[in-house]
Amino acid sequence: MKKVLLGLTMLAALMLLLVGCGEAPEKKEAPAPAPKAEAPAPEPAPAKGNDLEIFSWWAGDEGPALEALIEIYKEQNPGVNVINATVTGGSGVNAQAVLKTRMLGGEPPDSFQVHAGQELIGTWVKADRMEDLTPLFKEMGWMEVFPEGLIKLIGTEDGIWSVPVNIHRSNVMWYVPANLEKWGVEAPKTWDDFFAAADKLKGMGVTPLALAQNWTANHLWESVALAAMGADNWDALWAGKLPFDSAEGVKAWELFGKVLAYTNADASSLSWQQATDMVIDGRAAFNVMGDWAAGYMTTTKKLEPGTGYGWVASPGTGGSFMFLADSFGLPKGAPNRDAAVAWLKVLGSKEGSDAFNPLKGSISARTDSDLNKYNGYLQSAAADFGKDRVVGSLAHGVAANDTFKNGFASVMEMFMKSKNADAAAKACAQLAAKAGI
Ligand code: GAL
């Protein structure tokens, strides 16, 4: 955990991506206009009393970890009425649209969930909607406890813009050990291993790979692309040094197309939890999902890591840790600023972090967390984070700004229908140009 998160090349590249505010999100979401860089930040709204409104997409199964933080907050701030405003929808597909509408309408929440990296910097900081938290980081001693690379991802030369609450891993493949044994297959190390096992599984009437609604296809794509091109090329892609329509870029889409052939036909109607359920129930053998799936299987499904569920790096990505970090910021014009600052203090604290993360299925963003509080899966994730090559997630806001991310969702929809790797690679190249990559 002491290691610097990303290589300097990646960081330099990310800093170059300070362009493009969010565009209208995926088709199914409520339309939301993009924040305009030139639009003035709202005046502080009148305080609504002694409230604190926290905005996130951690509803339902993702709620308990957030509740643990709120518990601590309430103990420390007994007079404050906490409004836990959530908009359901994995990876924030719906929440991010609602947030944009509210921010543009001059109705910011007191604090909102945002991914470290370009989602924060390329959208909200670029639009001048956030307060600089550097004084808070100094006051709390956070410059010393958060990894330098992570602070760079949430910062610009003008300030530090959010408080990170975790580190999630994106490139994980999940399974149930007893089921694999029953079917006589092993967790694959490469996609070729997977294809061999998958043909056998299909013959037994088992779905080889469970997939859910559209954003989970983007999620799967980043792990497949990392396997197809390797970590150096992945970083080069976001640094603008490797074209998306290069041979490597096309190869990623080709491999993705092959993988898709082994997924369930009803994917678009399922939530990520329902796709995970397919694995738990033995209807599917594997699922590639971020380690919030470990949180779901542990906290909601009461399964034991190692026996109830197993994991391996997504095929072909062993030795790489594709990471993302959830964080919360302080929007300009927050109606209850003092209550929000107190909230951020809980988020960044060791106590808060070690209460939240074991339930969430993530490791602490702090370098001094108490690993005894974390289960077997999380201890292994912490060990991998300390030794693996760390690269940034596209699907969860690290690598690219909203212009690219939202456009990518449309490219994905097109690919799902056409399966045309060349066309998808070309569309990504055009998108990269538009997004300033
Ligand atoms: C990610 C987020 C995770 C988890 C996941 C599924 O974008 O970073 O914390 O909430 O979506 O909803």
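Residue numbers run from 1 in the order of the sequence given. Numbering of ligands and ligand atoms starts at 1, following listing order.
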> Among Tyr296, Trp215, Trp58, Trp292, whose heavy atom sits nearest atom 5 (C) of ligand 1?
Replying inline: Trp292

> Ion pair present between Asp277 and Lys301, side-chain N to carboxylate O less than 4.0 angstrom?
Replying inline: yes

> Which ligand 1 atoms are under 4.0 Å away from a heavy-atom of Gly90?
Replying inline: 12 (O)

> Looking only at protein heavy atoms, which one is nearest to atom 1 (C) of ligand 1, and how far off is it?
Replying inline: His396 ND1, 3.4 Å

> By number and element, which atoms of ligand 1 are closer than 4.0 Å to a non-hydrogen atom of His115?
Replying inline: 1 (C), 2 (C), 7 (O), 8 (O)

> Counting heavy atoms only, which part of Asn166 comes closer than 4.0 Å to ligand 1: side chain, backbone, both or neither?
Replying inline: neither

> Counting from 1, what ligand 1 atoms have a heavy atom of Trp272 closer than 4.0 Å?
Replying inline: 6 (C), 12 (O)

> Against heavy atoms of Leu324, which atoms of ligand 1 measure under 4.0 Å?
Replying inline: 8 (O)

> Counting distance only, does the side-chain N/O of Tyr73 pair as donor-acceptor with the main-chain N or O of Ala339 below 3.5 Å?
Replying inline: yes

> Considering only protein heavy atoms, which is closest to atom 12 (O) of ligand 1, and at what distance to one decimal place?
Replying inline: Glu62 OE2, 2.6 Å

>> Could you check whether atom NZ of Lys138 has more than 12 heavy atoms from other residues, nucleotides or ligands sitting under 6.0 Å from it?
In response: no

>> Under a 3.5 Å cutoff, is there a donor and acceptor pairing between the side chains of Ser91 and Trp272?
In response: no

>> Within the 3.5 Å criterion, strictly below it, is a donor on Asp132 or Thr134 matched to an acceptor on the partner's side chain?
In response: yes

> Around Lys419, counting heavy atoms of other residues, nucleotides and ligands shown, do more than 12 lie under 6.0 Å from its NZ?
Replying inline: yes

> If you measure from the Lys or Arg side-chain nitrogens to the Asp or Glu carboxylate oxygens, is any gap between Asp388 and Arg169 under 4.0 Å?
Replying inline: yes

> What atoms of ligand 1 come within less than 4.0 Å of a heavy atom belonging to Lys360?
Replying inline: 3 (C), 4 (C), 9 (O), 10 (O)

> In the protein, which heavy atom is nearest to atom 11 (O) of ligand 1, and how far is it?
Replying inline: Ser91 CA, 3.1 Å

> Should you measure from each heavy atom of His168, which atoms of ligand 1 turn up under 4.0 Å away?
Replying inline: 3 (C), 9 (O)

>> Against Leu201, only a single residue in Phe194, Tyr262, Phe286 fulfils side chain to side chain contact (heavy atoms under 4.5 Å, CB included); can you say which?
In response: Phe286

